[in-house]
Structures are given as C-alpha cells and as structure tokens.
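All values below were derived from every heavy atom in this structure, side-chain atoms included, with hydrogens, water molecules and symmetry-related copies excluded. Throughout, protein chains are lettered first and strands after them, A, B, ... in sequence-line order, and every chain is numbered starting at 1.
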2 protein chains.
Amino acid sequence: MNPMPASSRAASIEYAIRDVVVPATALEEQGHEIIKLNIGDPIAYPGLPTPQHMVDAYSKALQDGNNGYSPSYGLPALREAIAADERGKGWAAKKDDVYVCHGVTEALQILFAAVLEDGAKILAPGPHYPPYMAYPQMYGASTVEYRLDGDRGWQIDFDDIEAKMDKDVRMLVLINPNNPCGSVMGREGIERMISLLEQYPNCLLVADEIYDGLDYTGTHVSAAACSNTVPVVTLNGVSKVYYAPGWRLGYMALHDPTNRLPLVKDALERLLRSRLCPSTPAQHGYLAGLTGDRKWMVSYAEKVQQQRDYCINRIQQIEGIELQAPGGAFYMFARLTDDRWADDDKSFVLSLLHEEHVLLVHGSGFSPEFGSGHVRIVFLADMGVLKDAFDRIERFLSRHRTAA
Amino acid sequence: MNPMPASSRAASIEYAIRDVVVPATALEEQGHEIIKLNIGDPIAYPGLPTPQHMVDAYSKALQDGNNGYSPSYGLPALREAIAADERGKGWAAKKDDVYVCHGVTEALQILFAAVLEDGAKILAPGPHYPPYMAYPQMYGASTVEYRLDGDRGWQIDFDDIEAKMDKDVRMLVLINPNNPCGSVMGREGIERMISLLEQYPNCLLVADEIYDGLDYTGTHVSAAACSNTVPVVTLNGVSKVYYAPGWRLGYMALHDPTNRLPLVKDALERLLRSRLCPSTPAQHGYLAGLTGDRKWMVSYAEKVQQQRDYCINRIQQIEGIELQAPGGAFYMFARLTDDRWADDDKSFVLSLLHEEHVLLVHGSGFSPEFGSGHVRIVFLADMGVLKDAFDRIERFLSRHRTAA
C-alpha cells in the first residue's frame, strides 16, 4: 500500500534552528562532542541559570498543590503583574488585555488563527524568526519579507515596507531586538511604522519584544508606548530575559488606543478557551520573576555582553567572515564573505558541523531572500567554549578558502 | 472606524466547558459561591492531589536546573517510559514513535495540522470532547459526528459509522472511556472499527485514551493493541490518570503495523520542531509517575467510584433527570426528561447557575446533534459537595417542572 498522505501545509514547514539538530544528534550518537551555538537557550550553557527565587516560587507552587488547570487567559495575579510591567514601559496596559500562553510560539499561533484568512498577508522582517513564515501559511495566509539592510546594521528598509504594504496586509511584524540579527530599533523608527499603519486600518502592529531586556544600545523602547493611533500586540515572556525557556510561558498584551479590537479580542478569547490553559505552576515562577528584585539582571547582562564583545573581536580577525555588530538579544548574524557560500550557507553549516563539530544555523533558514550567505551565532556559551568554537571556524574557513 | 475583522474560523470556535465559566466568574465577582461541577480537573476538588513523588521529581528537576528547552519530541527518558507503559497495554510501542506535547490539546492540533486538508473529514463520536469539532475546521476540514446511543449506555452505533464513512474521512476518532458520556468500549467493538477501517487505507484510527486508568468495568483495552492492520494514534497524558492537568503534558504514540505512516511522521516531526518543545521540568514529574509505584491509584479510583455511585443513586431518585450510568472517566451525561429543556439545555445550565449557583455544562456543547437535552456532571467533588449540588438540582427541577 502507498504511504498515507500528509497535508501539504505540514510538508512545507521548516524550522532551521531545530532542523540542523537532526544531523548533530546523529554525530553525537556516534560519540562526537558538538559545540552547539545554534540555539537561543541560556540554560544550555553554564553560568546563566534561572534565578533561584523564580525556581523556588515555582517549586513552592507545585508543593502547595497548584497543579490543576488555570484560567484560560492566565492566573489573574500574573496577568496583573505583566500589565504592571508593561505600564512601566510607558503604556496603559490593563490586566484584561494580557493573555498568558505556552510560550510566544503559542501566542503567535493563536494570534494568526484569530486574524488571518485565505489570501491575507503578514509583513515580517527578513531575516526573521522562522515561525513568522511557517505559521501564517497554515491558515491560508502568506508572509512577505521586508528588507533589513545587511550593510547598515540590519536596520529596517522603510522604502521596502512602503512598497509592500497593501490592504491585504493584516499584520506588520517588528522583532525588536531582532532575532537573528540582534539589531535594535529606537523610537524614531517605530513612530515611522505607526505613522505608516495609520493609513491601513485593518493592519495590526505585532511587536515581538521577547529580547527587550537584552539591549546593549540603551535605545530600545516598547512599540505600544509609541502608539496613540494604531493597535499594537506586544509579545514577550519568561524565556529569554528571565532565563527560563524550558518553562514555556509567554504572553500577548493588546494595546488598542482607538477601540478597534473587540472582534479580534473575542476571537482570541475563544481560541484561548478552547486550548484550556498554560502551565499553572510555571505561572507562579514567572510571577516571582516579575514582582521580585531584578538586580540579578545586571550581572547576567554583563556576562552576555562580554561574550558578545569577544565574538565581535574574533570575527574582525578572521578572514572569510564579517559582521554588523548586534545591539541586543544574544545573536549575531555574520556574513560569509567567500562567494562559494553566498548561495550555499547550509553546506557551510553542515560541513562545519561534520568537520569541526561546531553547530551554527544557516542564514537562509531565517530568510531565503535576505539571509543567504550568512550564519547565526548564539553568544551564550562561556568564553572558553567560544574561543574553541572560533578557533575551529577559523581553521575551517582557512582550509576551505577559494584560491584568489 | 469599524472594528478590525477577526477570522471566520475563530468566530465559530466554541468550548462549552469554559464558555460557561464566563457567567460563573461574573457571579463570583458579585460575591456568590458557585459549586462547580463543570470541569474535569481533579485538583479543583479536595482529596485527589497530584501524587507527592511526582511533585517532588518535578521540583527536583527545577532545582537541578532543568529549565532550558527539551528536545522537540520530548525527553528521551520520558519517551521511552511512555513506550514501555504502552507496551504494557499490549502493543509494540517504540520510543521514537512517541511524541510529548503540551497536553493532548496540542497533540490534536498538531495531528490535525499534519493530516487534514481542505475538504477532509474526521468522524468523531457524538457527543464528543469539543476540540474534535473545533480544530479540524481550522484546517479547512470538517467533523461529522457518529451516533452514540443514549438509550443503550452511549454505545457506538456502528450502522451510523458505516453509513458515514467515505474516502474523504481521514480520521475515525474513538474516545475511550468517552468524555462526556463515561461509556467504555471493549475489545469486540474496537475490532469492529479496525475491520471497517481496513477498507479505507487513508484513514487513521485516533484513540483518545486519556481516561484509560479510570475504567470501572474492567473491559477497557488499548485500541493499538487490537490492530495488526490499521494505523492507530494513541493519545494520553498526565492530566487525568496521574491527576496533574495543570502541568499540561500529553502525548501521541504512533502504531503503524503496515508501515503506512512515513509521510505523516515526517509532517508531525516538522510541526513539532517548529513549536520548540513541551515544558522541560514537567516532563521529569510525569516520568516519575510512569516509573514509580502505582499503588496510590487504587485509593484514588475508589474515591472517584464512590462519588460516581452516589451521583447515580441521587439521579435515580430525582424526577426530571435520568442517566445511562458511566463505566469510566469522571463524567456522567444525564438526560433532562422535561420536554422544556430538550432543545434548550443551555437555558437549563444558565438558570441553574443563576438560581442555585451550581455550574454544569450543557449537553449541546458536546454535540449539537446528539447531546441536546442533556447535561454533563463531573463527579470529582467530595460527597458533601455533591450532596449539596444534587439537593439544589432537585429543588430547581421541582420548581421548574412543567405542569402535566
């Protein structure tokens, strides 16, 4: 008998960050040790553990019996703490407009399902975090990439956005700081986006700010805080800034300054109820993070920033790779200067993996159009590991250099 | 300006079990105390806590720093423990065919997304757990209900299944024990389903066995264990049998005796990778449940069964409500015998809520076609609470009885 068919939707899904793990796992099963700089998971590296007071609050919730379902939109106390945190970023967030999800991933799935129809479009940065391309097509919509300028610090090309906006675009996505590029957008750029969206009354601004506490430029600002006219959906969570990605908790917060979202809110709430709830005990852990002292963040950020500076320095000295230095997050998106990799960055990643046992992610996995010829490097590992990784990258590039 | 439109998909989503919570919460905010027999959450009631050794293992995982992402398909040790558990139910489950999800809810979303296309159908029992109707339409497919016979213990009407099967049906769903009816299907019925599916090579048997440890008949059997010919996807998790629904952990396990599922497996794995992973520390808690001693289950089951027996007894003595006694799970699906509620069970539920502060779920929320005129009652509360609830139900029915 023939194999049972799968949906065409699923067959086209790709998620480069985890797809490259498949060959790496095969090598590990053969006994090789792999230096993994592929995944944005601080817990995968020593020195950046989830803060103890958050772990303790989570454990206590378990021990206190908080093991049943929570309300579908999240625990009221957590929703209020998130709203208070967002108010601290400069806009009038309300508890009832905050929805707690199983990570930003689930928030995105629900947001796309609530808004997108056949033929709708979203406009997302190229390069972007892969689900912004993978998920809209699951709902009959499509993703159009707007250009981040790889020669000017991956800043947004507004002419490209303006050329691509039309009435079918239901969401304009800002990932700030950007994954995979690490670029940070300040107030002026956000205001330009909002001013553009005033002409498109059915388009939401989706502000993915999951890395907002990891800003080394001092210029990051909440997009919702910049809008008095356009609805903004802010995405954030416990994974990155609070160093607990395995807890799987994120949120979306609606800012609706002109009361445009009653139907969208109803749709979101229906979808949220149908999927029951996020983890109950984990919500107590996140709550402790939001309400507790945040002094610990300083030393964590210093460590990550030192590692960033080391990587920037190494890349400047290696022939065959160059960089627009990242201003935020824990990613850098480096260009492979040898033409041989320009359209074949996945071969670079797989060859480096097999020959030197260093795992990066190919840039085309973040954008077929704007990411090829690049690699994403995560700078969460210790200095010693990073030194070893760059030594290997240097050796690899030297060995594979095209003769001039 | 007009409100921004939501998707038609989302506007039609309903989840009766949580939709009725909205008016109940409003009453609570006015200071009323509500007896909630609406939700299948053992932790919401005293006396059935999550077992301590599971809570301790989960806490230990947190304290040991297991707070990063897990592999997308689940921790290898948990996948193996689940496979071993399924092997104990009589079929050759393999670790690599087990996928850990954020509850059975996420497993269903991923399964539907992997298989269903525009125009596809799933055949699900009527009455059924609501997501079986809510989610397929999100992927352009539709759900057809096959009849459970409300006069014969909610057993399956096979003639109805045979009349409704065709080549567009991609999944035949068995919920065993059934939610909301509590009916249990034995080996003979499952074999009849499998024999029928042998004629439909593109149709999966989906066996939702989340209540399989709550069988008071002694006749429950794993559907996968009955099939040598037809692919079976078994769904189960930590929520019900292990009394930890707020942890949000479930799984799907593929049984593919004739090697029909390579494309479906690839599609599932792509979708699983794209959504990162289930909660990492929670997986350690579930692992402890699967590998630890299960003697505790005896006293838990006895308590639930005593409460079931009490409810059956009360219903037999109340005029206006009658029952096909449930053989499993912790639900009963009772018929309102007064004609006034036959097509208006939601009014019954809302009036009972407002007048007597008892919350049930209307049967039409589980099946517009086969569930109306019924209510679902959860029998997880203590005997004292159940007594109070049935006293109020009795009073309500007596007050609203139509004059003969």
Side-chain angles (χ1 to χ4, degrees), chain A residues 1 3-11 13 15 18-19 39 41 43-44 49-50 55 58-59 62-63 65-70 72 102-103 105 113-117 131 134 138 201-202 231 244-248 258 260-264 266-267 270-271 273-276 278-282, chain B residues 1 3-11 13 15 18-19 39 41 43-44 49-50 55 58-59 62-63 65-70 72 102-103 105 113-117 131 134 138 201-202 231 244-248 258 260-264 266-267 270-271 273-276 278-282:
Chain A
M1 282 195 287
M4 192 177 286
S7 69
S8 52
R9 162 196 326 112
I13 289 258
Y15 185 77
R18 291 201 168 221
D19 294 349
I39 195 160
D41 181 354
I43 308 303
T50 311
V55 168
Y58 191 158
S59 289
L62 287 164
Q63 297 289 351
N66 293 292
N67 300 309
Y69 294 117
S70 86
S72 288
H102 180 63
T105 304
V115 172
L116 301 177
E117 301 266 15
M138 294 186 60
N202 285 337
W247 293 6
R248 314 304 300 116
T258 53
R260 308 280 332 286
L261 299 183
L263 301 180
V264 169
D266 176 67
R270 285 171 183 274
L271 288 160
R273 290 197 299 267
S274 78
R275 88 358 170 172
L276 308 186
S279 163
T280 304
Chain B
M1 280 196 288
M4 194 177 286
S7 69
S8 52
R9 165 193 325 111
I13 288 260
Y15 186 78
R18 290 199 169 221
D19 292 349
I39 194 159
D41 180 354
I43 308 304
T50 311
V55 168
Y58 191 158
S59 289
L62 286 164
Q63 297 289 352
N66 293 290
N67 300 311
Y69 294 117
S70 87
S72 288
H102 180 63
T105 304
V115 172
L116 300 178
E117 300 266 15
M138 294 185 59
N202 285 338
W247 294 7
R248 315 302 301 118
T258 54
R260 310 283 328 289
L261 300 183
L263 300 180
V264 169
D266 177 66
R270 285 172 182 272
L271 287 160
R273 290 196 299 268
S274 78
R275 93 345 171 178
L276 307 186
S279 162
T280 304

Worksheet item: Can you name the closest pair of heavy atoms from B/L62 and A/W247 and give their distance?
Response: CD2-NE1, 3.6 Å
Item to complete: Please state whether the side chain, the backbone, both or neither of B/D266 comes within less than 4.5 Å of a heavy atom of chain A.
Response: neither
Worksheet item: In terms of heavy-atom pairs under 4.5 Å, which option from B/T280, B/I13, B/L271 contacts chain A the most?
Response: B/I13
Worksheet entry | Closest-packed option against chain A by number of heavy-atom pairs under 4.5 Å, given B/A134, B/P278, B/A113, B/P262 | B/A113
Response to the item:
Ranked by heavy-atom pairs below 4.5 Å to chain B, first place among A/A114, A/S70, A/G65, A/A244 goes to A/A114
Worksheet entry | chain A contact via B/R270 - which portion, at a heavy-atom distance below 4.5 Å | both
Response to the item:
The interface call for B/P131 against chain A, heavy-atom contacts under 4.5 Å, is side chain
Worksheet item: Stepwise, does the side chain to side chain contact (heavy atoms under 4.5 Å, CB included) test hold for A/L263 with B/M4?
Response: CA-CA 7 Å; A/L263 301 180; B/M4 194 177 286; over 6 Å; no
Worksheet item: Where is the tightest heavy-atom contact between A/G246 and B/P281, given as atom of each residue plus distance?
Response: O-CD, 3.6 Å
Worksheet, complete the sentence: Interatomic distance, CG@B/L116 vs CZ@A/R9, rounded to 0.5 Å, equals 7.0 Å
Fill in: B/N67 versus A/V55, closest heavy-atom pair with distance
ND2-CG2, 3.9 Å
Fill in: Steps toward side chain to side chain contact (heavy atoms under 4.5 Å, CB included) verdict (B/S7, A/V115)
CA-CA 5 Å; B/S7 69; A/V115 172; 5.9 Å; no
Worksheet item: Are the side chain of A/D41 and the backbone N or O of B/Y69 linked by a donor-acceptor pair below 3.5 Å?
Response: yes
Item to complete: For side chain to side chain contact (heavy atoms under 4.5 Å, CB included), just list the numbers for A/L276 and B/R248, CA-CA rounded to whole Å, side-chain angles, deciding distance to a tenth of an Å, and then say yes or no.
Response: CA-CA 9 Å; A/L276 308 186; B/R248 315 302 301 118; 3.6 Å; yes
Fill in: B/S8 portion near chain A, given a 4.5 angstrom heavy-atom threshold
both
Worksheet item: What part of A/P231 lies closer than 4.5 angstrom to a heavy atom of chain B: side chain, backbone, both or neither?
Response: side chain
Worksheet item: Taking B/N202, B/I39, B/N66, B/T50 one by one, which has the highest count of heavy-atom pairs under 4.5 Å against chain A?
Response: B/N202
Worksheet item: What pair of heavy atoms forms the shortest contact from B/A267 to A/A10, and how long is it?
Response: CB-CB, 3.5 Å
Worksheet item: For B/A11, is it the side chain, the backbone, both or neither that has a heavy atom under 4.5 Å from a heavy atom of chain A?
Response: backbone
Practice prompt. Heavy-atom distances under 4.5 Å only: say whether B/D19 touches chain A with side chain, backbone, both or neither.
Written response: both
Fill in: Audit row: B/Q63, A/Y58, side chain to side chain contact (heavy atoms under 4.5 Å, CB included) steps and yes/no
CA-CA 10 Å; B/Q63 297 289 352; A/Y58 191 158; over 6 Å; no
Worksheet item: Does B/R275 make a cation-pi contact with A/Y15 (under 6.0 Å, within 45 degrees of the axis)?
Response: no
Item to complete: Under 4.5 Å, counting heavy-atom pairs only, tell me which of A/G103, A/A44, A/P49, A/P5 racks up the most with chain B.
Response: A/P5
Worksheet, complete the sentence: When every non-hydrogen atom of A/S274 is compared with those of B/T105, the smallest separation belongs to O-CG2, 4.2 Å
Response to the item:
When the 4.5 angstrom heavy-atom criterion is applied to B/S72 and chain A, the contacting part is both
Worksheet item: Of the backbone (N, CA, C, O) and the side chain (C-beta and beyond), which part of A/S279 lies under 4.5 Å from a heavy atom of chain B, both, or neither?
Response: both
